[in-house]
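Here's the structure we're looking at; comments come further down.
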Amino acid sequence: MTRLDFAGVGIDIAAARIVSDVSLHVAPGEMMGLVGPNGSGKSTLLRSAYRVLRPAAGAVFIGGENVWDLSAREAARRRAIVTQHTVLGAEFSVEEVVAMGRTPHKGMLDRDGAEDRRTVEQALADVHMGWAARRSFATLSGGEQQRVLLARALAQEAGLLILDEPTNHLDVRAQFEVLDLLRHLGMTTLTALHDLDHAVSYCDRVAVMAEGGLVAVGAPEDVLTPELVHRVFGVRAVLDTHPITGRPRIAVASAGRPPTRARTRDHAADASAP
Ligand code: ADP
Ligand code: MG
């Protein structure tokens with residue numbers, strides 16, 4: 001299992017600093033949740049670990065190596081990615097999609113060998129999708145597609161899994177299936193999550209972003225206090241024990257005074273725009 005380190009990462013897009021000075025350590029085998037309001041920079045930060053956005057300041061290290069010192073292929077052997085929405089043509093079967101995960105392990109003209117086929121089969125079994133191997137990927141439900149994409153990530157045999165809101169667009173049961181699988185895999189995992197309760201109930205630690213910076217990191221119940229949730233998300237929150245699971249849970253409610261001052265200013269700016 002692989003460790004992941006962001007060291008003083010700053011990221012610029014179109015000459016604007018979108019992410020500032022993020023230092024974050026994800027330990028081997030740990031499941032870290034990344035939460036924050038829309039636009040707080042979660043996806044941008046993750047893209048620096050995907051090796052898509054090169055940090056303007058600091059660096060991202062996977063297993064101690066700077067991702068920009070690795071080739072794209074070497075990086076793909078070390079970390080697998082699952083995002084919230086992946087569109088693939090109807091012509092791909094489920095097993096072909098999972099076999100794409102083998103690409104970084106093969107030469108350009110290599111066909112799938114026996115080991116590749118075994119790995120694909122095992123990955124599909126791990127996400128309980130073996131039954132769909134020959135189905136067209138495009139015909140699966142959203143939850144099934146996410147499980148297949150998770151299988152593709154497993155077939156990649158990377159030590160680190162990075163996910164960007166992998167449960168978006170899924171119904172409640174499919175959301176839990178994906179999260180249960182992530183927990184069960186026990187891999188080093190950094191995942192942006194939309195739902196604070198998923199972060200509380202599934203993650204070992206959470207990192208909270210606001211306005212491009214990291215504002216808190218720690219055990220969910222230590223970090224997602226009513227004060228912090230109110231300050232960062234503008235909602236009321238209470239942490240208690242889930243009546244079904246017996247584990248910590250967070251309940252949120254409207255702060256009850258729309259709109260916030262910051263938004264009022266935005267609206268005023270919008271109204272005065274030509
Ligand atoms: P999150 O994933 O937390 O919702 P993002 O990382 O997507 O946030 O976005 C952070 C900020 O960066 C937002 O203000 C967004 O508008 C801006 N941003 C992201 N991508 C671009 C881009 N390609 N061009 C300009 N601004 C961008
Ligand atoms: Mg995002």
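For ligands, and for the atoms within them, numbers begin at 1 and follow the listed sequence.
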Between S43 and D164, do the side chains contain an N or O donor and an N or O acceptor separated by less than 3.5 Å?
yes
Please tell me whether D171 and Q175 have a donor and an acceptor in their side chains that are separated by less than 3.5 angstrom.
no
Using 4.0 Å as the upper bound for N to carboxylate O, is an ion pair formed by [Y] and [X]?
{"X": "R102", "Y": "E157", "answer": "yes"}
{"X": "E177", "Y": "R173", "answer": "yes"}
{"X": "R3", "Y": "D5", "answer": "yes"}
{"X": "R249", "Y": "D197", "answer": "no"}

Got V229 and V235 here, is their nearest side-chain heavy-atom distance under 4.5 Å?
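The answer is yes; the side chains approach within 4.5 Å.
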Given salt bridge (Lys or Arg N to Asp or Glu O under 4.0 Å), test R183 with D204 step by step and report yes or no.
CA-CA 10 Å; R183 245 342 311 170; D204 300 310; 3.2 Å; yes
Name the residues with a heavy atom less than 4.0 Å from ligand 1?
I13, I18, P37, N38, G39, S40, G41, K42, S43, T44
Greater than 12 external heavy atoms within 6.0 Å of E121's CD
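Not more than 12 within 6.0 Å, no.
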For the Mg ion (ligand 2), which protein N/O/S atoms are closer than 2.8 Å?
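Short answer, with waters excluded from the count: S43 OG.
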